[in-house]
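Structure first, commentary second.
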Amino acid sequence: MKQFINKRNGGHIIIVGCGRLGANLANTLSDEEKSIVIIDKNKDSFCKLAPSFGGIILVGDATEISVLNEAEIEKATAVISVTNNDNTNIMVAQLAKELFQIGQVVARLYDPERECIYREFDIDTICPAVLSTKEIDKLLDASQEMEDAG
Ligand code: AMP
């Protein structure tokens, strides 16, 4: 089921997974006037989108090629897979890169040890555990510097 809200001109960005991260990203990119198609297998997930969201929502399992075709993946400039399942994100990212030759593909990865799989396929990864570790380390360093200074 595809629900048309508003389609802006030019290539679009596909976001897979309308959870906390996907919805936030979709709202932000839509506010920046980017053309967005967001896919989620659960129609209730779209309630996280802001009323101002101006893209297309598509209910379906993004590991199915028919769903990606419905999202007009062949015209996409980027595919970002941020479901809560690493295997799904790997599969969607590989399909986008290998089958549809999408230039920019980003995938969320919970398990940092699987990053090598993505690197092999030239897929950018966002790993919450690694990002959080870096940020906490930075906070600890900043706090230590303040203590040392005064
Ligand atoms: P969150 O854990 O809050 O980031 O949410 C992840 C989202 O990904 C949920 O809304 C799920 O319904 C969605 N999701 C999980 N697997 C798939 C899939 N195969 N295709 C589309 N959406 C999915």
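Start at 1 and go down the list; that is how both ligands and their atoms are numbered.
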Open item on the list: With a heavy-atom distance limit of 4.0 Å, tell me whether Thr83 approaches ligand 1 through its side chain, its backbone, both, or neither.
Closed with: both
Task: For ligand 1, the portion of Arg108 having any non-hydrogen atom under 4.0 Å away - done: side chain
Task: atom 9 (C) of ligand 1: nearest protein contact (heavy atom, Å) - done: Asp40 OD2, 3.5 Å
- [ ] Verify the cluster assignment for Val92 and Tyr110: are they in a single hydrophobic cluster under the rule of side-chain heavy atoms below 4.5 Å apart?
- [x] no
Open item on the list: Taking Ile123 as the starting point, is it possible to reach Ile65 by hopping between hydrophobic residues whose side chains are less than 4.5 Å apart?
Closed with: yes
TODO: Check whether any side-chain N or O of Asn89 sits under 3.5 Å from a backbone N or O of Arg108 as a donor-acceptor pair, and report yes or no.
DONE: yes
Open item on the list: Evaluate Thr63 for polar contact with ligand 1, using N/O atom pairs at a separation under 3.5 Å.
Closed with: no
Open item on the list: Under a 3.5 Å threshold, yes or no: a donor from one side chain and an acceptor from the other, between Thr63 and Asp61?
Closed with: yes
- [ ] Identify which of Ala23, Gly17, Ala62, Gly22 has a heavy atom lying nearest to atom 20 (N) of ligand 1.
- [x] Ala62
Open item on the list: Within the 3.5 Å criterion, strictly below it, is a donor on Arg114 or Asn87 matched to an acceptor on the partner's side chain?
Closed with: yes
Open item on the list: As a check for students: among Val82, Asn84, Asn85, identify the option with a heavy atom nearest to atom 15 (C) of ligand 1.
Closed with: Asn84
Task: Donor-acceptor pair, side chain of His12 and main chain of Ala71, under 3.5 angstrom - done: yes
Open item on the list: Using a 4.0 Å cut-off to any heavy atom of Gly60, which atoms of ligand 1 qualify?
Closed with: 20 (N), 21 (C)
- [ ] Return yes or no for this condition: an N or O of Tyr110 is under 3.5 Å from an N or O of ligand 1.
- [x] no
Open item on the list: Looking at Asp111, is its backbone amide N or carbonyl O close enough to the side chain of Asp86 to form a donor-acceptor pair, meaning the two atoms are under 3.5 Å apart?
Closed with: yes
Task: Under 3.5 Å: N/O of Lys41 near N/O of ligand 1 - done: yes
Open item on the list: Using every non-hydrogen atom in the two residues, find where Ser30 and Ser52 come nearest and quote the distance to one decimal.
Closed with: OG-O, 4.2 Å
Open item on the list: Under 3.5 Å between any N/O of Asp61 and any N/O of ligand 1: does that happen in this structure?
Closed with: yes
Task: Heavy-atom nearest neighbour in the protein, as seen from atom 3 (O) of ligand 1, with distance rounded to 0.1 Å - done: Arg20 NE, 2.9 Å
